[in-house]
J.: 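Handing you a structure now.
Just so you know, these numbers come straight off a predicted model, no measurement behind them.
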There are 2 protein chains.
Amino acid sequence: MTAKQTEKQFLKSYNIHDFDVPLTSVDMAIFTLKDEQLQVLLVKRAQHPALGQWALPGGFIDFKKDKVLADAARRKLAEKTGVDTPYLEQVATFGGADRDPRGWSVTITYFALIVCDEVELSGDESSDDVKWVPIKDITNKLELAFDHKQVLAACIERLKNKVQYTSLPVNLLPEEFTLTELQQTFEIILDKKIEKKSFRRRIDDADILEETGNMKTGSNRPAKLYRAKPKGENFYFTRNIEGPR
Amino acid sequence: MTAKQTEKQFLKSYNIHDFDVPLTSVDMAIFTLKDEQLQVLLVKRAQHPALGQWALPGGFIDFKKDKVLADAARRKLAEKTGVDTPYLEQVATFGGADRDPRGWSVTITYFALIVCDEVELSGDESSDDVKWVPIKDITNKLELAFDHKQVLAACIERLKNKVQYTSLPVNLLPEEFTLTELQQTFEIILDKKIEKKSFRRRIDDADILEETGNMKTGSNRPAKLYRAKPKGENFYFTRNIEGPR
DNA sequence: TGAATTGGTGTCTTTAGGCCACTAAGATGT
DNA sequence: ACATCTTAGTGGCCTAAAGACACCAATTCA
């Protein structure tokens with residue numbers, strides 16, 4: 001019995017392959033703003049199972065390269081997009097006996113927000129194609145591998161919810177941006193109009209941006225350019241954004 | 001190469017033990033209200049590793065009994081407490097190379113809210129002791145196995161956050177309760193006083209409770225007893241509870 | 001029977017967001 | 001050159017929901 005062993009003896013004789021273990025992977029919804037739409041990156045599976053089907057990018061934990069879970073997510077993100085400092089957030093973990101034909105499986109799901117023009121898409125051995133899909137096109141028609149539609153739905157829901165009471169959309173914009181651009185980003189994600197004055201007052205009171213001193217010109221009156229204040233962290237409002245009554 | 005196989009052939013030759021797989025478990029913070037305090041259930045580990053140390057209850061997925069992840073959490077909860085209809089919510093998944101001496105490991109963490117007097121504590125083979133600990137006593141002095149202190153901290157943080165904008169505390173009370181009892185539950189979790197009228201207005205506007213018709217007597221003026229309205233789901237306020245200014 | 005205690009309400013203030021009209025400054029067309 | 005259009009940005013009033021606090025109501029207990 002275990003009670004008589006020391007921990008050292010126990011560990012010496014321990015072999016994980018003596019046990020039932022679920023297949024464990026990390027998948028992610030990588031969001032970006034492109035053509036004035038919120039889009040998500042999908043990859044075409046280059047391997048069994050679900051070969052040839054579109055899926056969320058993801059893969060297995062690399063015991064050598066990944067020290068913690070988020071490392072695996074960041075590694076996958078960098079492999080697919082070349083981006084290495086995204087906003088990254090764990091959304092949920094899905095697991096079950098039937099979601100993957102290989103057996104009991106678990107997927108830890110993250111979402112990332114990245115700036116579109118920092119991306120260099122790269123197919124690699126594990127996927128022979130990669131594409132951006134507007135989330136408006138994630139409908140019943142579109143099929144995804146495994147339970148990825150449900151997984152993606154959870155990511156989209158989390159993003160939309162959080163945009164109601166945080167400053168998350170800042171992470172979808174380049175270093176410098178105008179308040180109108182920021183407002184449009186909120187509007188695109190929430191899929192509703194926001195009143196200009198209310199929006200600007202809200203952002204102003206939060207004190208999360210600073211003027212860069214530069215102006216964006218070209219469209220009639222020039223607009224002040226802002227950047228996120230260095231402290232950086234995501235701001236939490238105490239009240240949800242409401243939109244028109 | 002995989003590309004030439006059918007999926008059927010691939011699955012036939014697939015053996016998960018040919019791969020690096022992390023140790024995957026489900027752990028949970030089981031919260032209850034006891035002696036006017038928020039308390040969490042800890043178990044003393046009866047097996048290696050970390051034998052004899054206090055830890056969050058948890059265990060491995062049982063491929064036979066568990067169809068999906070939450071089943072494993074519910075099963076563990078029932079084993080320890082006998083409670084089978086808790087409020088259950090997934091909090092986060094922690095994974096890393098160093099958190100368990102057996103190797104790369106992953107734990108999917110849930111928290112549960114249960115009513116204290118529905119509990120029948122039961123030690124079983126995997127733990128020779130079980131106890132309730134007030135979360136105020138979860139300090140630097142207290143040691144927990146693995147990274148469970150961090151895990152528990154995440155659960156407590158999630159609970160506290162969510163209580164600011166939901167009706168979660170209803171799940172810590174028995175079927176019938178007074179508004180004062182509900183308010184006290186909020187106050188205990190948030191660790192601050194709430195103004196009575198504001199609180200009652202908020203609950204009333206949310207329209208989530210109904211009078212049972214019974215009264216609670218014994219302490220001076222009798223108080224109306226309420227129950228959660230049948231639709232049940234957790235209510236989301238659009239604004240955080242604020243407490244004294 | 002009256003003070004103490006706990007349940008429950010009326011109503012004023014404060015806060016943050018909605019609404020909408022207005023000014024500011026550059027682009028465009030004749 | 002100058003009127004008009006468009007987008008940037010602000011002033012100011014209104015409203016919803018929460019805080020503050022005084023007050024009334026119903027019971028226990030001395």
J.: Would you classify R201(B) as touching base, sugar-phosphate or nothing, given that sugar-phosphate means primed atoms plus P, OP1 and OP2, and contacts are heavy atoms under 4.0 Å?
T.: base
J.: Under the 3.5 angstrom rule, does the side chain of K136(A) hit a backbone N or O of L38(A) as a donor-acceptor pair?
T.: no
J.: Can you tell me how far P of dT15(C) sits from CD1 of I241(A), to the nearest Å?
T.: 21 Å
J.: Is the base of dG26(C) touched by the side chain of R221(A) through a donor-acceptor pair closer than 3.5 angstrom?
T.: no
J.: Assign T180(A) to base, sugar-phosphate, or nothing according to its heavy-atom contacts below 4.0 angstrom with the strands shown.
T.: sugar-phosphate
J.: May I ask you to check whether over 12 heavy atoms, not counting those of K192(A), lie within 6.0 Å of atom NZ?
T.: yes
J.: Pick the nucleotide of DNA chain D nearest each of S198(B) and Q184(A); which residue has the one closer to the 5' end?
T.: Q184(A)
J.: Quick one: do the S105(B) and R99(B) side chains pair a donor with an acceptor below 3.5 Å?
T.: yes
J.: Select from N220(A) and F199(A) the residue whose nearest nucleotide in DNA chain C is closer to the 5' end of that strand.
T.: F199(A)
J.: Check R201(B) with D204(B), please: is the shortest side-chain N to carboxylate O separation under 4.0 Å?
T.: no
J.: Mind checking the CZ-CD1 spacing from R200(A) to I194(A)? Nearest 0.5 Å is all I need.
T.: 12.0 Å
J.: Can you name the one residue among T109(B), T93(B), T107(B) that meets side-chain hydrogen bond (donor to acceptor under 3.5 Å, both in side chains) with T93(A)?
T.: T93(B)
J.: Specify the residue among E195(A) and S219(A) whose closest nucleotide of DNA chain C lies further upstream toward the 5′ end.
T.: E195(A)
J.: How long is the straight-line distance from CG of N240(B) back to OG1 of T238(A), given to the nearest 0.5 Å?
T.: 6.0 Å
J.: In whole Å, what is the span from the CG atom of D204(B) to the C1' atom of dT9(C)?
T.: 11 Å
J.: So for K196(B) and dG8(C), does any side-chain atom that can act as donor or acceptor lie under 3.5 Å from a complementary atom in the base?
T.: yes
J.: Without decimals, in angstroms, what is the distance between R200(B) CZ and dT11(C) C1'?
T.: 17 Å
J.: Starting at the 5' end of DNA chain D, which residue's closest nucleotide do you reach first, M215(B) or T238(B)?
T.: T238(B)
J.: How many Å lie between CD on Q164(A) and C1' on dA16(C), as a whole number?
T.: 16 Å
J.: Starting from C1' on dG18(C), measure out to CZ on R202(A) and report it in whole angstrom.
T.: 12 Å
J.: Rounded to whole Å, how long is the line connecting atom CZ of F237(B) with atom C1' of dT15(C)?
T.: 18 Å
J.: With a 4.0 Å cut-off on heavy atoms, is K197(A) in touch with a base, just the backbone sugar-phosphate, or nothing at all?
T.: base
J.: Among dA24(C), dT15(C), dG7(C), which nucleotide sits nearest the side chain of R239(A)?
T.: dT15(C)
J.: Could you tell me the separation between the CD atom of E242(A) and the C1' atom of dC19(C), rounded to a whole number of Å?
T.: 13 Å
J.: Determine the minimum heavy-atom distance between A55(B) and L144(B), stating which atoms define it.
T.: N-CD2, 4.4 Å
J.: From CD of E181(B) over to C1' of dG7(C), roughly how many Å is that when rounded to an integer?
T.: 12 Å
J.: For DNA chain D, note the earliest and the latest nucleotide, 5' to 3', having some atom under 4.0 Å of a heavy atom belonging to chain A.
T.: dT6(D) to dG12(D)
